[in-house]
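Only one structure is covered here, and it is reproduced in the block below.
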Protein chains: 2
Amino acid sequence: VRSPVENAELALLLEVAGTPKPGNVDRERDHPDLRFEHFLAGAVGARAGFAMAAAGDPLGESFERAIAGMAAQRGGNTQFGAVLLCLPLVAAAGAEGPAEQTLPERASEIAKDTTVDDAAGFYRAFEHVDVAVDDPPAALEPLDVRRGSAAIPALRERGLTLWGVMEASADRDGVAEEWVEGFPRSAESAAGLLSATGPVGERVASVYLDRLTERPDTFVATTHGEAVAERVLERARAVRDGNETAEALADDLVSRGINPGTTADVVAGGLFLALQRGLEV
Amino acid sequence: VRSPVENAELALLLEVAGTPKPGNVDRERDHPDLRFEHFLAGAVGARAGFAMAAAGDPLGESFERAIAGMAAQRGGNTQFGAVLLCLPLVAAAGAEGPAEQTLPERASEIAKDTTVDDAAGFYRAFEHVDVAVDDPPAALEPLDVRRGSAAIPALRERGLTLWGVMEASADRDGVAEEWVEGFPRSAESAAGLLSATGPVGERVASVYLDRLTERPDTFVATTHGEAVAERVLERARAVRDGNETAEALADDLVSRGINPGTTADVVAGGLFLALQRGLEV
């Protein structure tokens, strides 16, 4: 039986392998400079940080270690959001807690208990890889994540914890929203993966499409604007309703460099939860 | 920078992702009951055994642990040969040795130093997964690997080490041959991977085809007979010479259930060596 750390790494691998997953790198599609093998190396590299979180190390340090390892490939940002989403869940799986508590519930407690030091680790992680983010409002410029460790004095001055950072960006970042809301879309993805039949790769594609039809992808909104994110959602609904094929949408989005990364991150979280609950590969 | 353990796991992942790799599961092809995701889970599961070998644990125990982990998926035998081939190389990467010694040289010393206990661990590994092997000659029936731990008394009686087991099967098993000969085809594969250009997935496919044109695959010989193995080699040469496409050969071999697994194992060994020498992903 696999450990939580093994399941976290496998979740990242199964996520990228699921196909067709319109707009994202999958088993059959690469973006020009972001290829399948970058995700394989990213998952292998992230594992050391998952191991730290499962062993009870602080989330911030664990996250920075995971991202440093993930970044040891030439594709750039492969799984930043997926690692961020999975990390409290992995920490929860490695922690003691009341038997009746679900993994997302325990993960939420761990997330709420994060410190300013955890926020500092999160900021340092941005020094290892370029991550697409929105410009902050002018008043929050000192806290721009792209400043990396240069922003740490401002974090300390304001007493901002990692939980506080997630709260502040939950309205425009679907991963932060999962943290703040208690991982509802990850849990729903896990339920979908466990109740489906067929090879895991096909279940991943199906659950991904379900999530894509529900909410505009926040990574697409950040990188291409709200209107494009809205349009992707509409086309995902057309696929679900049989008016467009998933393959055609996948090829079109990849050719335009549009990748709904946040939706993929949520599926990775769902895969981790499903594997912990016994999803067989 | 990745550790030897991370590189070993990544070698298994990059091997299966390389495409087209005629006859084997690759990024674009599955066998009916042996799918891409089984290899992902197999690689994740094998890592604990690689970690033991890198830390200096006995090869037999490390191998059994790797195979127990690898087998925690529903596809059956995914990477038995690749793990067996890589394990002494991983142990060598974790060990001290003279600076002028190559990794294959150090791995050969470790392989020669294996014990009867290591052979026992190797035999126990067969209890975790079904592996296609030839029937032994009648006199060697007590040492049939398929007997698993039931064969251990016969091993002890004869004082057979893991090195001795490999020597005894080197003439009909290309992985055992790599052990006994000092990993020459793995080293050649590493050189090919490092000198090629382009994405790693394409380099893997190219090096795999090179190896397939050199020698009949011993796994194909075991599972389908010498004549079929010889014919696969001829067709691989036709691909190399431009008289058949790799894709056509891949589709045909997969449809007939022919998979040149030993050739893939050698490429995995080459990937590990190349990653240790700085192959960038």
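The figures that follow rest on heavy atoms only: side chains count, while hydrogens, waters and symmetry mates do not. Residue numbering restarts at 1 for every chain, and letters A, B, ... go by the order of the sequence lines.
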Which atoms form the tightest heavy-atom contact between [X] and [Y], and what is the distance?
| X | Y | answer |
| --- | --- | --- |
| A:Leu40 | B:Leu13 | CD1-O, 3.7 Å |
| A:Glu37 | B:Val200 | OE2-N, 3.2 Å |
| B:Arg2 | A:Ala41 | NH1-CB, 4.0 Å |
| B:Val44 | A:Arg47 | O-NH1, 3.8 Å |

Using the salt bridge (charged side-chain N to carboxylate O under 4.0 Å, His left out) rule, take A:Asp26 and B:Arg27 through it: C-alpha gap first, then chi angles, then the decisive distance, then the call. CA-CA 10 Å; A:Asp26 66 19; B:Arg27 194 172 155 189; 5.3 Å; no
Do other residues, nucleotides or ligands put more than 12 heavy atoms under 6.0 Å from B:Asp252 CG?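 Count over threshold, so yes.
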Within the structure provided, determine whether B:Arg74 and A:Val281 are in side-chain contact (heavy-atom separation under 4.5 Å).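 Answer no - side chains too far apart.
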Are A:Gln73 and B:Glu280 packed together at the side-chain level, in the sense that at least one heavy-atom pair is separated by less than 4.5 angstrom?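 No; the side chains remain at least 4.5 Å from each other.
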Which region of B:Asp30, side chain (C-beta onward) or backbone (N, CA, C, O), has a non-hydrogen atom less than 4.5 Å from a non-hydrogen atom of chain A, or is it both or neither?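 Both backbone and side chain of B:Asp30 come within 4.5 Å of chain A.
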Only pairs of heavy atoms separated by less than 4.5 Å count here; which of B:Gly45, B:Gly201, B:Pro199 has the most with chain A?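 Most pairs with chain A among the choices: B:Pro199.
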